[in-house]
Every structure is written in structure tokens, then in C-alpha cells.
Amino acid sequence: MATRRRALRTLTIDIGGTGIKMIPLNAKGVAVGERVRELTPHPSKPDAVLAVIEPMLRAQKAYDRVSVGFPGVVKQGVVSTAPNLGNKAWRGFDLQTAIETLAGKPTRVINDAELQGYGVIEGKGVEIVLTFGTGLGTALYVDGRLVPNLELGHHPLRKGKTYEDLVRDDVLARIGKKRWRKRVALILATLAPIFNYDRLYIGGGNARRIRDPLPPGVERFDNVEGMEGGVALWGDANR
Ligand code: BGC
């Protein structure tokens, strides 16, 4: 008797400055289980982060491969920067191999905003993704192809302060919603005539704090939609 094969499952992990989230996806990139979340340990050195991920992996049902979004620059699975996780200890850390070893499954790691963007882009024209959370994540796609490691968040915008300095989560807590929203509006107004994008997507934990109506061509997405980008990593050669 033929045994029924379980459909391909991609476990997606989002490592954030505040939380570490996991969600299983089917072959189409649709969530097939609950999103679970644990707090990111502080200090957030590689060993401490992996110590949180390990039991989370063990608690998951069977999966075939792992996609990881990391809050910094990642090249071929190796971390170059991690501004919101203490940076230093992460530089040169081969996160892809580390998680592949823990999970015992093929693993791919890219930047967190880039992974989330794959979950929402249409794949046509110039599309930009901004994630407003602990830091400011940015990603750029041209006809669905990623332009890797665009770190707009670290570009100085005003009085020597970077985009991220102006709108990061701890700044929102300090300056309040009203001033923060003005800064977000400044960022959107600055980017529009530079990138002439077809669509810009806003995600991250603070996306819901931005007031409607959003400017033309701008849409909001939630964290689950973003994490559904985990499947796209396996079909895109431009990592
Ligand atoms: C990092 C980005 C990351 C963003 C959101 C920034 O500080 O430089 O790589 O996408 O935070 O986590």
C-alpha cells in the first residue's frame, strides 16, 4: 500500500532584537501552524541566541528545511553585522551552519527585512520593504529579485542621525507616537522621489502605530505575512 507523503514543510525563524519567532509553512509559503515566540536573550551573543532556538526547534513538528531572517547583514549564511544584538560577537559567525547543525536540516539565512519582503512583494517593478521594530529594516527588489543587504536604516538623514536612530523602537518609547509618526512621514517622503518605487511595504512590530491613510503606493503587512517569505529563499539564486 502506498504511504502518503507529507508535503514539504519549511520552518521559518525570525530572529529579532526583542523576540525570536518560529512558524511552519507549506510548500506554497502559507502558514500551517501557530507562530511561537520567545524573548531574545540579553546579552544576545550567538551561544545565548542558539540556546533559545534549540528547544524551540525541538518543540516543532517534523519539517524539511529551515529559513532564517537575521537582523543584520548576512552573506552566504555568515553574519557581518548585528547592530541590535551587540554586533561584535556576531561578526564572521556562520549562523547558517550553526542552525543547520542544530536542526539537522538544510538551512538558509538572510537579512530579516529581506525575508519578510519575500512574503509580501508582488514581484513586479521596484518594491521596497521597511520594517519598524527594534531597528529599521530595509529591503529592495527589482522584478522580484532581491538587491541584497541594502542598509538604508544606517544612512544619515537629519542632524547626523540615521533613519534608524530616528525611529527605532526605544526612540518611539521616548519621544511618543506623535513625533515618531512625523519622523516616519519624513522617511517616506524622502524615499519616494529617490527610489520611485512601485510599491512600498511597511511591517515590523510598530507598523500598526503608523496612521491611516498611508501615502499612495504604501501598504502595511503583519508579521505572519512577512514570515511567509521563508519559502521564497529556496527559489531565489540571488542571496
Ligand atoms: C540592521 C538591519 C536589520 C534591521 C531590523 C538594523 O539595525 O542593520 O540589517 O534588518 O535592523 O532588524
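Throughout, residue positions are numbered sequentially from 1 according to the sequence presented. Hydrogens, waters and symmetry mates are skipped; everything else that's a heavy atom, side chains included, is used. First listed ligand is number 1; within each ligand, the first listed atom is number 1.
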Okay, side chain of D143, backbone of K124: is any donor-acceptor separation there less than 3.5 Å?
no
Relative to atom 12 (O) of ligand 1, which among N111, T18, I110, D112 owns the nearest non-hydrogen atom?
D112
Nearest-0.5 Å distance that lies between atom CZ in F221 and atom OG1 in T131
6.5 Å
Taking T97 for its side chain and L95 for its backbone only, find out whether a donor-acceptor pair lies under 3.5 Å.
no
Within the 4.0 Å heavy-atom cut-off, what P71 brings close to ligand 1 is both
Based purely on interatomic distance, does T138 place a nitrogen or oxygen under 3.5 Å from a nitrogen or oxygen of ligand 1?
no
Can you tell me the protein heavy atom closest to atom 6 (C) of ligand 1 and the distance?
E164 OE1, 3.0 Å
Once you round to the nearest 0.5 Å, how far does NZ of K182 lie from NZ of K177?
15.0 Å
Element-labelled atoms of ligand 1 that are located less than 4.0 Å from some non-hydrogen atom of G137:
4 (C), 5 (C), 10 (O)
4.0 Å heavy-atom contact, G72 with ligand 1
yes
Report, in ascending order of atom number, the atoms of ligand 1 lying under 4.0 Å from any heavy atom of N84.
6 (C), 7 (O), 11 (O)
Nearest neighbour of atom 8 (O) of ligand 1 from the list R168, E151, E114, on a heavy-atom basis:
E151
Taking only heavy atoms of H154 into account, list the atoms of ligand 1 that are under 4.0 Å away from them.
1 (C), 6 (C), 7 (O), 8 (O)
Sidechain-backbone polar pair: T40 side chain, G19 backbone, donor-acceptor under 3.5 Å:
yes
List the atom pairs, donor and acceptor, that lie under 3.5 Å between side-chain atoms in residues 162-175 and the rest of the protein, sequence neighbours left out.
from, atom 1, to, atom 2, distance (Å)
T162, OG1, G153, O, 3.3
T162, OG1, E164, N, 3.4
T162, OG1, D165, N, 3.0
T162, OG1, D165, OD1, 3.3
T162, OG1, D165, OD2, 3.1
E164, OE1, L136, N, 2.8
D165, OD2, T162, N, 2.9
R168, NE, D170, OD1, 2.8
R168, NH1, N84, OD1, 3.2
R168, NH2, N84, OD1, 3.3
D169, OD1, N206, ND2, 2.9

For a quick test of your reading: what N or O donor-acceptor pairs under 3.5 Å do the side chains of residues 27-37 make, sequence neighbours left out?
from, atom 1, to, atom 2, distance (Å)
R35, NH1, N223, OD1, 2.8

